[in-house]
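Input: a single structure, listed below in structure tokens.
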Amino acid sequence: GLSLLLLPLALLAAPAQAEGGTAAAAEVKIEVLHLPEVCSPKSKKGDLLNAHYDGFLASDGSKFYCSRTQNQGHPKWFVLGVGQVIKGLDIGMMNMCPGEKRKVIVPPSLAYGQQGYAQVKIPPNATLIFEIELYAVNKGPRSVEAFNQIDKDSDKKLSELEISQYLKEEFARDGKERHPSVHDEILADIFKKNDHDGDGFISAKEYNVYQHDEL
């Protein structure tokens, strides 16, 4: 829904990204537990994924998170490869297809580092294990298709009116009750974060921050 422009739907929101972010992808260990006969499409940076997962501490096997007990058991939606989840999961869920199950082992440098994450009882310097089941791989919110859907007059830039209309359509689609001020707050936030040159429009370049499509 509204993640199409702005809201970070974190699989597991980190208070800060891991320290020393130069660690190589090889440090994340991936074990495929189940691979469907038809494995397509495969996930890539900028895709919108829907998944369930359990998180464990490698040190003692204790579970610190289970997505099935959160949000009425609904799978989590998030954008891959853009920092909405810890770096180790951004790496560990690349090239994954719907129906696939993986076990991903994430070193501290690609998780919560020396800080840990006290809120969910992750200690400092903890290696984490995730068991993940992926349900859906969709074109991400910064795709050409999404931009063109909002850009009603096809002038390759998004006006306040176009984005306002888009938000109204998204609100109507999910059917949730919201105070009218929420629309205005989100619209203002979108322009604050995306209209880098302050001209009152969000250009294709400003919008396409994930750099995986060409307009």
Side-chain angles (χ1 to χ4, degrees), residues 2-34 42-71 73-97 100-138 140-142 189 192-194 196 208-212:
L2 295 178
S3 64
L4 290 184
L5 274 170
L6 66 149
L7 298 178
L9 299 179
L11 189 75
L12 180 61
Q17 287 299 310
E19 298 173 14
T22 57
E27 290 185 83
V28 174
K29 297 178 182 178
I30 299 170
E31 179 184 350
V32 177
L33 304 177
H34 173 72
K42 291 192 174 184
S43 60
K44 64 184 184 300
K45 181 179 179 181
D47 281 345
L48 185 64
L49 306 188
N50 185 235
H52 262 316
Y53 76 100
D54 295 319
F56 306 86
L57 296 180
S59 59
D60 61 8
S62 62
K63 184 183 291 188
F64 61 82
Y65 191 83
C66 174
S67 64
R68 290 174 176 83
T69 63
Q70 306 291 322
N71 193 28
H74 296 300
K76 304 297 182 183
W77 287 99
F78 69 100
V79 179
L80 183 66
V82 299
Q84 289 189 355
V85 296
I86 58 173
K87 184 68 174 176
L89 285 176
D90 270 339
I91 294 169
M93 294 184 70
M94 289 287 183
N95 298 310
M96 195 173 180
C97 59
E100 185 175 344
K101 297 179 182 180
R102 287 184 180 182
K103 180 179 179 180
V104 177
I105 302 176
V106 181
S109 62
L110 297 173
Y112 296 95
Q114 297 176 6
Q115 287 182 305
Y117 191 10
Q119 186 176 338
V120 289
K121 299 182 180 179
I122 296 175
N125 300 310
T127 296
L128 307 180
I129 299 173
F130 294 93
E131 293 182 358
I132 304 161
E133 182 174 5
L134 184 61
Y135 293 102
V137 177
N138 295 332
R142 301 292 179 141
D189 191 57
K192 180 180 178 181
K193 293 179 178 176
N194 294 275
H196 304 303
N208 195 27
V209 296
Y210 302 152
Q211 302 299 320
H212 66 279

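The first residue in the sequence is number 1, and the count goes up from there.
- For E131, the salt bridge (charged side-chain N to carboxylate O under 4.0 Å, His left out) test picks out no residue, with sequence neighbours left out.
- Under the rule for a side-chain contact (heavy atoms from CB on, under 4.5 Å), the partners of D90 that lie at least two apart in sequence or sit in another chain are L80, V85.
- For N95, the side-chain hydrogen bond (donor to acceptor under 3.5 Å, both in side chains) criterion is met by no residue, not counting sequence neighbours.
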Q. Given M96 and I132, is the side chain to side chain contact (heavy atoms under 4.5 Å, CB included) satisfied, shown in steps?
A. CA-CA 10 Å; M96 195 173 180; I132 304 161; 4.0 Å; yes

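- Atom NZ of K44 sits about 10.0 Å away from atom CG of L49, to the nearest 0.5 Å.
- By the side-chain contact (heavy atoms from CB on, under 4.5 Å) test, P124 is found to be paired with no residue, residues two or more places apart in sequence or in another chain being considered.
- Residues forming a disulfide bond (SG atoms under 2.5 Å apart) with C97 (at least two apart in sequence, or on another chain): C39.
- For the salt bridge (charged side-chain N to carboxylate O under 4.0 Å, His left out) condition, no pair includes a residue of residues 111-126, sequence neighbours left out.
- Two residues are said to be in side-chain contact when any heavy atoms from C-beta on lie closer than 4.5 Å; L128 and L57 meet this criterion.
- Legend: residues meeting side-chain hydrogen bond (donor to acceptor under 3.5 Å, both in side chains) with S62, ordered by chain and number and at least two apart, are D60.
- Taking the side chain as every heavy atom from C-beta outward, K76 and Q70 approach each other to under 4.5 Å.
- Heavy-atom minimum distance, S67 versus D54: N-OD1, 4.4 Å.
- When every heavy atom of A126 is checked against every heavy atom of A111, the shortest pair comes out as O-CB, 4.5 Å.
- N125 CG to S109 OG: the interatomic distance, rounded to the nearest 0.5 Å, is 10.0 Å.
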Q.
Please evaluate residues Y65 and F130 with respect to the criterion ring pair (Phe, Tyr, Trp, His ring centres under 6.0 Å), reporting the C-alpha separation (whole Å), side-chain torsions for both, the decisive distance (0.1 Å), and the verdict.
A. CA-CA 9 Å; Y65 191 83; F130 294 93; 8.9 Å; no

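- Under the side-chain contact (heavy atoms from CB on, under 4.5 Å) criterion, P75 pairs with N50, H52, Y135, sequence neighbours left out.
- With values rounded to the nearest 0.5 angstrom, I129 atom CD1 is found 9.5 Å from F64 atom CZ.
- Closest heavy-atom contact between L134 and M93: CD1-CE, 4.2 Å.
- Nearest heavy-atom pair across I86 and L110 is CB-O, 3.9 Å.
- Legend: salt bridge (charged side-chain N to carboxylate O under 4.0 Å, His left out) pairs involving residues 100-113, not counting sequence neighbours, sorted by first then second residue: E100-R102.
- A pairwise comparison of heavy atoms in V106 and G88 identifies CG1-CA, 3.6 Å as the closest pair.
- Scored by the side-chain hydrogen bond (donor to acceptor under 3.5 Å, both in side chains) test, T127 finds no partners at all (sequence neighbours excluded).
- The two residues R68 and Y53 come nearest to each other via the heavy atoms NH1-N, 4.4 Å.
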